[in-house]
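Following: one structure in structure tokens, then a few remarks.
Remember, it's 1-based here, ligands and their atoms both numbered in the order they're listed. Throughout, numbering of the chain's residues begins at 1 and tracks the sequence. Because only heavy atoms are used, hydrogens play no part in the values below, and waters and symmetry mates are left out as well, while side chains stay in.
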Amino acid sequence: MFIGALTEVRRRIERACVKTNRSAEGITIVAVTKAMSSEAISEAASFGLFDIGENKVKEAAVKYNKLSDELKGLKWHMIGHLQTNKVKEALRIFNLIQSVDSLRLACEIDKEAAKINKVQDILVEINVSGEKAKFGLSPLESGSVIEEMSQLKNINVKGLMVIAPVAVNPEDSRSYFRQLKQLSESIRWPALNRIPVLSMGMSGDFEVAVEEGANMIRLGRALFG
Ligand SMILES: *Cc1c(COP(=O)(O)O)cnc(C)c1O
């Protein structure tokens, strides 16, 4: 079942890339396994998906601890809201924390990372839509906050992440993705010698995200049903 879904996803990514003259090679698929067991993680890896997304530290830890060293060595992405009291455990598991939504959280990550000699890769979550219930920095404050985050020695700000509002029509997400892309172009990325990561697009709207410049998409349902 999974291989069929993955083939279909790859075909749809390819089509969105052709449409916008991009290469699909530059797009990382994060397999979001939050609703799945640890077996799904090894299945994803066996099909060449080496990026795993989880949204809760505790649940991720339960799965992570069960896995072989090889699977622990996959690239683990934290995509859910991270509370400061879970930072220490998160640092043990995750390669990329995509959901850094405040300077305070970044400082906590920096502090804990320093204790274990880790430089933690992060993305900064942006609340482009301005929805009250949503986490993330406002686009207006993000430039100066990211500059401050970039001063921290034990974190490495790699780019931006957005969760678009729930949409009936994928086209409804387009303007949010476009705004994130524009924001990333307006930010100085002093520590990066490559283009910033733009993590945007989920099962319902990943083609639109790719068309708007996503280089990382986070897929749960499209892969696992
Ligand atoms: C659950 C989740 C996803 C995946 O959602 P699907 O619609 O199942 O693809 C992506 N990003 C975040 C932040 C999520 O919480």
Could you give me the CA-CA distance, side-chain angles and deciding distance for Ser142 and Val145, then say whether side-chain contact (heavy atoms from CB on, under 4.5 Å) is met? CA-CA 5 Å; Ser142 59; Val145 175; 5.7 Å; no
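Atom 6 (P) of ligand 1 has Ser203 OG, 3.4 Å as its closest protein atom, hydrogens excluded (heavy atom only). Here the heavy atom of the protein found nearest to atom 5 (O) of ligand 1 is Met202 CE, 3.6 Å.
At most 12 heavy atoms of other shown residues, nucleotides or ligands fall within 6.0 angstrom of atom NZ in Lys88.
Close approach to Arg221 involves these atoms of ligand 1, each under 4.0 Å from a residue heavy atom: 6 (P), 7 (O), 8 (O), 9 (O). Residue contact check: Arg218 has heavy atoms under 4.0 Å from atoms 4 (C), 9 (O), 10 (C), 11 (N), 12 (C), 13 (C) of ligand 1.
Summarising the contacts of atom 13 (C) of ligand 1 with Ile79, Asn55, Leu219, the nearest heavy atom is found in Ile79.
Considering Arg174, Arg178, Arg15 as possible partners of Glu211, the one that fulfils the side-chain hydrogen bond (donor to acceptor under 3.5 Å, both in side chains) test is Arg174. Evaluated for a side-chain contact (heavy atoms from CB on, under 4.5 Å) with Val128, the options Leu160, Leu180, Leu183 yield exactly one hit, Leu180.
Looking at Lys34 next to ligand 1, an N or O pair under 3.5 Å apart turns up.
Classification of Glu14 and Arg11 as a salt-bridged pair fails, no side-chain N sitting under 4.0 Å from a carboxylate O.
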